[in-house]
Amino acid sequence: MTTDQPALTPTLPAPRSAPAAETESDPGPDPAPRRGFLAKAFGITAVLSAAGSALGLLRDLLLARYFGANQGTDAFLVAWTVPETAAPLLIEDAMSFLMVPAFTLALVLREERPDGPDPVRQLVRATLPWLLLALGALALGAALGAPQLVELLAPGLANPELAVDCTRITAITVLPFGVAGYLAAALRAHHSFTAPAGIYVAYNVGILAVLLGCHAFLGVSSAALGVAVGSLLMSGLLIGPFVRRLRAGRPARARRTRGAGQALVLMPLALLPVAAFTLTRQSQVFVERYLGSALPPGTISHLNYAAKVSQLAMTAGILICTVTFPLVARALAAGDLTGARDRVEKDLGQAAAVVLLGTAFLMACAPSVVSLLFQRGAFGPQDTAATAAVIRVYSFGLPAQALIGVMIRPYFSLRPVVRRADDSGTDDGGRRLLDWYPVAAMVLGLAVTVTVGLLATPRFGALGLAAGNAAGITATAALLLHGLVLRGIPLRLRRVLGGHGRLLTAAAGAAALGTAAAGISADPLPSTLLGGLTVALAFALLGTGLGAREVRGPVLAAVRILNPPTVADEGKLPHGH
């Protein structure tokens, strides 16, 4: 197995219309394309992801209520670094970057060779057993090395013994997380989004069940046990849909055919830059935990609660590229760089619009939101003030976080983990070197994070850590935007940056107006409602006035729904409008 073959093959058939998202439990092997696929798939994914996020927020509320922000929660959050690292590596980021393009290519080859062996089954046989073996070894290594991990991550922790115990429990998550990520990638490549979108619902249900039932006698360790149980539920949810998809893909007669030989060849070294990028990106959390462990107890908890609230603003933006990623991967597999570029540019604009709206809301309403959500039980007013301040600083990096999520998917899709067996082309060293460009960009961004953190933390504490995070991730996003052009996807940078500039201006104006509106009331609920409504209206009006397409289109569509044109008005419109 080598990595000297091109992953992009222009001989593949042009991409067809995307099939509709599957909502039934047992869809057919090749469902016919239907209109509204993206809207339906996004709707399903958004609803289930919102449910998972709501349950995750409830989980964090219970953690704050039961345990507050102290050395016990700091110990648990250090242990939570294991699933926090495993989740992006094994569920959404690295596993998705690798396996969605791989399964997409296998599906294209299945259409090319309907009478040969099923490439999807070949891919599963070649990758899944080795994945399970590697995941089991990683889980065991994390459990056995828990004392060393805790010492490495948080040398100044006040209660390292509790952190070690929780780390050994959360180490279990590595195996089910990896299985869930693999199965979710396969289902999304088949344009089946329902079960993958529900995994975080199952995950948080498991955590909440254990936390509610066991917190009184297990303490914060109940949260660690709940994480392990939730990860098992997450992978279990996907096994049934995956097996049904695998069985429905090819008639039994065709599966027994052996004349066509192997359709796919593994390129295992393609794993390395993807895994390195994901781990380097996650290292921002390691830096925060390491530097935060030397600050007063509760600092790590404040950073965690702030990050969880801030990430809610980014979730919807990432959902956009989660749904469209299989379409981008298929266009790239077919050599349609122009189609991929158009889709990526649209995703960048839509993700930026959603995330900047959320950023403006957090800037305006962070104190009232934190008070409304967390200030009860062991979580006091001082914790609210500290967490809200961190949220506002974190928010400066949210747009960059979302843009990286959009850009990195097509970047790695150009060299998936498999290639066609009959592809005899060669790859030059320059292109292989570009595989590592995102890692280099992330390392430079991490250097910015560390530098700002070291300089600012002694004076500003947690705010200095948050500022380092925002500065580092923004530097990485700027480098990746240039790297996507180097990779061969001809983004129109002036058009992209101009659109983002209009959105950023609208968000800044909305945040200023929303802050003034939120200050009218001292009560958290009216303050949040007033500030949020003002931000939404101001962003819509300013974005429309500035000509931001991602805002203007939905606003005009809403106006037409609320005020449909009369027959007389329709007669005045140009033909076809």
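Computed from a prediction, not measured in an experiment: that's the story for all the values here. Just so you know, these numbers use all the heavy atoms, side chains as well, and skip hydrogens, waters and symmetry mates.
Rounded to the nearest 0.5 angstrom, Asp118 CG and Arg247 CZ are separated by 14.0 Å. To the nearest 0.5 Å, atoms CG (Leu212) and CD1 (Ile207) are separated by 11.5 Å. The line from CG of Asp60 to CG of Asn304 is 6.0 Å long, rounded to the nearest 0.5 Å. One distance of note links OH of Tyr203 with CG of Leu232; it measures 11.0 Å at 0.5 Å rounding. Residue Leu128 holds its CG atom at 4.5 Å from CG of Leu132, rounded to the nearest 0.5 Å. Separating the CG atom in Leu303 from the CG atom in Leu77 is a distance of 9.5 Å, to the nearest 0.5 Å.
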### Task
Quick one: do His500 and Leu403 satisfy side-chain contact (heavy atoms from CB on, under 4.5 Å)? Show the steps, please.
CA-CA 11 Å; His500 287 189; Leu403 296 185; 3.7 Å; yes

### Query
Stepwise, does the side-chain contact (heavy atoms from CB on, under 4.5 Å) test hold for Phe177 with Leu135?
CA-CA 9 Å; Phe177 274 6; Leu135 292 172; over 6 Å; no

### Task
Check step by step if side-chain contact (heavy atoms from CB on, under 4.5 Å) holds for Phe374 and Val369.
CA-CA 8 Å; Phe374 295 106; Val369 168; over 6 Å; no

### Query
Going through the distances and angles, do Val227 and Ile169 end up as a side-chain contact (heavy atoms from CB on, under 4.5 Å)?
CA-CA 8 Å; Val227 169; Ile169 297 172; over 6 Å; no

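Side chains of Tyr182 and Leu238 form no contact here, defined as non-hydrogen atoms less than 4.5 Å apart. Contact check for Tyr305 versus Leu63: side-chain heavy atoms found under the 4.5 Å cut-off. Counting only heavy atoms from C-beta outward, the side chains of Phe193 and Leu187 never approach each other to under 4.5 Å. Annotation: side chain of Arg281 is not in contact with side chain of Thr476 (no heavy-atom distance under 4.5 Å). Looking at Gln401 and Asn469, their side chains come closer than 4.5 Å, going by heavy atoms from C-beta outward. Within the 4.5 Å cutoff, the side chain of Ser222 has no heavy atoms near those of the Leu225 side chain. You'll find the side chain of Met234 stays beyond 4.5 Å of the side chain of Val201, heavy atoms only. Side-chain contact check for Val344 versus Leu491: some heavy-atom pair is nearer than 4.5 Å.
Taking the six-membered ring for Trp and thresholds of 30 and 60 degrees, Phe103 and His190 have ring planes inclined between 30 and 60 degrees apart. Between Phe76 and Trp80, the ring planes lie tilted relative to each other; the angle falls in the 30° to 60° range. Using the six-membered ring where Trp is involved, Tyr66 and His215 have ring planes that are parallel, under 30° apart on the 30 and 60° scheme.
In this structure, Ala79 and Thr170 approach most closely via the heavy-atom pair O-OG1, 3.2 Å. In plain terms, the two heavy atoms of Met99 and Thr127 that are nearest each other are CE-OG1, 4.4 Å. When all heavy atoms of Phe277 and Val439 are compared, the pair lying nearest together is N-CG2, 3.6 Å. Heavy atoms only, all atoms of each residue included: Ala360 and Val535 are closest at CB-CG1, 3.8 Å. Minimum heavy-atom separation, Tyr394 to Ala307: CE1-N, 3.7 Å. Between Leu237 and Ala202 the shortest heavy-atom distance is CD2-CB, 4.4 Å.
Using a 4.0 Å cut-off between a side-chain N of Lys or Arg and a carboxylate O of Asp or Glu, Asp342 and Lys346 do not qualify as a salt bridge.
With hydrogens and angles ignored, the 3.5 Å screen pairs no side-chain donor or acceptor of Thr387 with any backbone N or O of Ala306. When atom types are taken as modelled, the side chain of Ser231 and the backbone of Pro176 share no donor-acceptor pair closer than 3.5 angstrom.
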